[in-house]
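Each remark here refers to the structure printed beneath this line.
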Amino acid sequence: MPTKNISSETGNAALDLALDTIKIGKQSLVFVNTKRSAEKTAEDISKKVKTENKKLIGLSNDVLKALSRPTKQCERLARCINNGVAFHHAGLVSKQRELIEDNFREGVIKIICATPTLAYGLSLPAFRSILKDLRRYGPRGMAYIPVLEYLQMSGRAGRPEYDKFGESIVVAVSKNEKKKLYEKYILGEPEEINSKLAVEPVLRTYLLSLIAANFVNSRKEIIDFFGKTFWAFQFMDMERLVFIIDKMLSLLEEWEFIMQEKEDFSDADKLNDGKIRATIMGKRVAELYIDPLTAYFFISCLRKGSDKKVNEFSFLQMISHTLEIRPLLRVGVKDRESVQEKLVEFDSFLLEKEPSIYEPEYEDYVNSVKTAFMFYEWIDEKDEEYLLENFNTRPGELRSKMAIADWLLYANSEISRILNFRDLNKEIVKLRFRLKYGVKEELLPLIKIKGIGRVRARKLHYNGIRDIKDVKNVDLGKLIQILGKQVALSVKKQVGQEIKEVPNGKRKGQVSLRKY
DNA sequence: GGACGGTGAAACTTCAGGTTGCCTC
DNA sequence: GAAGTTTCACCGTCC
């Protein structure tokens with residue numbers, strides 16, 4: 001094996017390698033196994049780098065302004081970027097991630113410390129990939145990552161347009177580990193690829209989709225179809241496959257998502273080839289692309305909700321207890337008590353029966369309550385910094401959770417519409433709007449105006465402007481004071497008041513309003 | 001004597017990521 | 001498994 005010596009400045013191999021990359025005028029990606037570690041490593045490297053670059057200062061500023069109020073995470077990132085170093089993980093908002101990626105491509109940022117986010121999807125080649133640790137915490141404690149993932153990460157090194165080759169370096173902590181890593185990753189074969197169809201939620205979803213789309217119309221067609229998939233090829237056991245499909249079909253029928261014209265599926269001996277089709281609900285569930293089990297769970301919750309008192313938390317907890325929203329926030333030692341308090345407080349509003357403490361589902365249940373509570377705080381107008389401090393949810397993760405929650409709420413509004421639960425539907429639609437903007441109910445009228453989000457709406461409300469009527473009546477000068485000139489003008493225009501002359505400076509000038 | 005603050009060791013806690021829907025309240 | 005955080009015992013100082 002060829003060897004190469006790199007000066008040890010810090011006593012930390014990954015840091016030394018990163019600093020060396022800068023010294024030779026190249027760029028590198030440092031892959032680490034946790035978000036915290038990505039941030040720490042980036043910070044450590046940036047402290048050792050001295051750069052004065054106007055572009056970096058501008059970029060650092062942009063990163064800081066990505067949210068309405070910078071979080072600690074934003075500030076930390078901005079400090080690193082000042083020195084041409086960044087961290088990159090799912091906790092960053094997409095705008096920040098794009099800024100980092102683009103500026104790395106342009107060579108402005110020299111080092112990115114990242115979790116495996118960077119290894120997938122986008123192409124961000126560097127001269128050097130530094131893999132700090134190939135172990136990661138998983139369901140069975142610390143374990144070595146798959147060879148496939150190693151290949152993904154090391155494959156980031158070497159950009160054809162600039163370099164003839166690239167370097168991928170794995171850091172080993174001992175001679176023993178070096179040998180182990182060499183055998184497993186350099187000499188080893190990548191793992192087999194497994195069919196995702198074998199996972200029940202996926203099979204349920206596709207089975208219903210195929211029926212709803214009229215792609216298959218009978219049990220025979222279904223079995224023929226799945227018999228030709230990679231799943232069947234890998235499974236090599238048609239009998240078992242047929243058994244699983246039959247089980248799924250009878251579940252889908254029990255949940256009233258599909259109907260069969262003749263006999264029951266459950267009677268395996270008499271399986272016939274009657275026409276299978278989706279019910280109205282089944283068709284919609286398939287279009288919404290949610291797991292039929294989730295849809296069935298929603299339907300039972302909504303039925304329960306139709307004759308009891310509900311509030312925002314009822315729905316938030318319901319959507320937080322689905323496969324789709326996973327991973328849930330975990331209830332830790334410190335917040336167990338406060339989550340229990342919430343459970344007691346909202347007990348009468350919950351749409352699902354609380355499992356017993358001794359049941360294995362209980363852990364998931366409390367986690368769903370904690371997750372729901374985070375959403376609840378968001379619609380109570382708590383900001384990203386608060387959620388980061390109190391739920392350890394970073395802005396990027398918050399946004400992605402919110403997108404899923406929005407989708408699930410939309411699915412619920414559709415389901416409640418089909419079930420003709422008008423009152424529930426109204427509440428869900430309202431909640432969806434609130435969740436999207438993170439506002440209390442009182443701000444909803446203002447949020448409809450383009451250019452008005454949670455912050456500006458709250459400002460307006462605080463100043464006594466509570467709805468469109470108030471916006472129309474308020475003096476333009478005051479509105480400019482609250483919102484700034486550009487936004488104020490746009491807001492006035494939206495409520496049908498075109499402003500021809502704009503008051504100058506701090507003094508109020510003549511304002512001419514043309515009403516439509 | 002007791003309140004207070006500093007210190008370091010021990011105990012404890014936490015840990016990666018991504019696609020789907022619709023356009024409107 | 002390792003790094004970061006919290007807890008706690010211990011000690012010295014000051015009033």
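Lettering follows sequence order; numbering is per chain, from 1.
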Practice task
Please figure out whether A/G332 or A/A90 has its closest DNA chain B nucleotide nearer the 5' end.
Solution key: A/G332
Practice task
Scan A/K426 against the nucleic acid and name what it touches under 4.0 Å (heavy atoms): base, sugar-phosphate only, or nothing.
Solution key: nothing
Exercise for the section: Could you tell me whether A/E149 contacts a base, only the sugar-phosphate backbone, or nothing, with contacts defined as non-hydrogen atoms closer than 4.0 Å? Expected result: base
Exercise for the section: Would you mind checking if A/D423 and A/K426 are paired as a salt bridge, meaning a charged N to carboxylate O distance below 4.0 Å? Expected result: no
Practice task
State yes or no: are the ring centers of A/Y358 and A/Y362 separated by less than 6.0 Å?
Solution key: no
Handout entry: Partners meeting side chain to side chain contact (heavy atoms under 4.5 Å, CB included) with A/E427 (sequence neighbours left out)
Key = A/F315, A/K430
Handout entry: Interface residues of residues 432-439 of chain A with DNA chain B (non-hydrogen, below 4.0 angstrom)
Key = A/R432, A/F433
Handout entry: Terminal contacting nucleotides, 5' and 3', DNA chain B versus chain A (heavy atom, 4.0 Å)
Key = B/dT13 to B/dC25
Practice task
Report the residue from A/K459, A/R458, A/R454, A/K440 that forms a salt bridge (charged side-chain N to carboxylate O under 4.0 Å, His left out) with A/E381.
Solution key: A/R458
Fill in the blank from the handout: As its Watson-Crick or G-U partner within any shown strand, both distances under 3.5 Å, C/dC10 has B/dG6
Practice task
Indicate yes or no: does A/D44 engage A/K48 in a salt bridge with an N to O separation below 4.0 Å.
Solution key: no
Problem - Heavy-atom check, side chain of A/V30 versus side chain of A/I112, under 4.5 Å - result: no
Practice task
May I ask you to say what A/R135 touches in the nucleic acid, namely base, sugar-phosphate or nothing, with a heavy-atom cut-off under 4.0 Å?
Solution key: sugar-phosphate
Problem - Residue met sooner reading DNA chain C from 5', once A/T34 and A/D44 are mapped to nucleotides - result: A/T34
Practice task
Mind telling me whether A/Y376 and A/F373 have parallel, tilted or perpendicular rings, with 30° and 60° as the class edges?
Solution key: parallel
Problem - Contact nearer the 5' end of DNA chain B, comparing A/E287 with A/K401 - result: A/K401
Fill in the blank from the handout: Contacted region of DNA chain C by chain A, from 5' end to 3' end of the hits, cut-off under 4.0 Å to heavy atoms, spans C/dG1 to C/dG4
Practice task
Determine the contact category for A/K35: base if any of its heavy atoms lies under 4.0 Å from a base atom, sugar-phosphate if only primed atoms, P, OP1 or OP2 are that close, otherwise nothing.
Solution key: sugar-phosphate
Problem - Near-ring test A/Y185/A/Y150, centroid separation under 6.0 angstrom - result: yes
Completion exercise
Contacts of A/E312 meeting side chain to side chain donor-acceptor pair (under 3.5 Å) (sequence neighbours excluded), chain-then-number -> A/R434
Handout entry: Beyond-backbone contact of A/V216 with A/I276, side-chain heavy atoms, under 4.5 angstrom
Key = no
Handout entry: salt_bridge(A/K180, A/E177) N-O dist < 4.0 Å
Key = no
Exercise for the section: With a 4.0 Å heavy-atom cut-off, tell me which residues in residues 377-397 of chain A come close to DNA chain C, sorted by residue number. Expected result: none
Practice task
Provide the closest heavy-atom pair for A/R204 versus A/P292 in the form atom of the first, atom of the second, distance.
Solution key: O-CG, 3.7 Å
Exercise for the section: State whether a side-chain donor-acceptor pair under 3.5 Å links A/H88 with A/Q96. Expected result: no
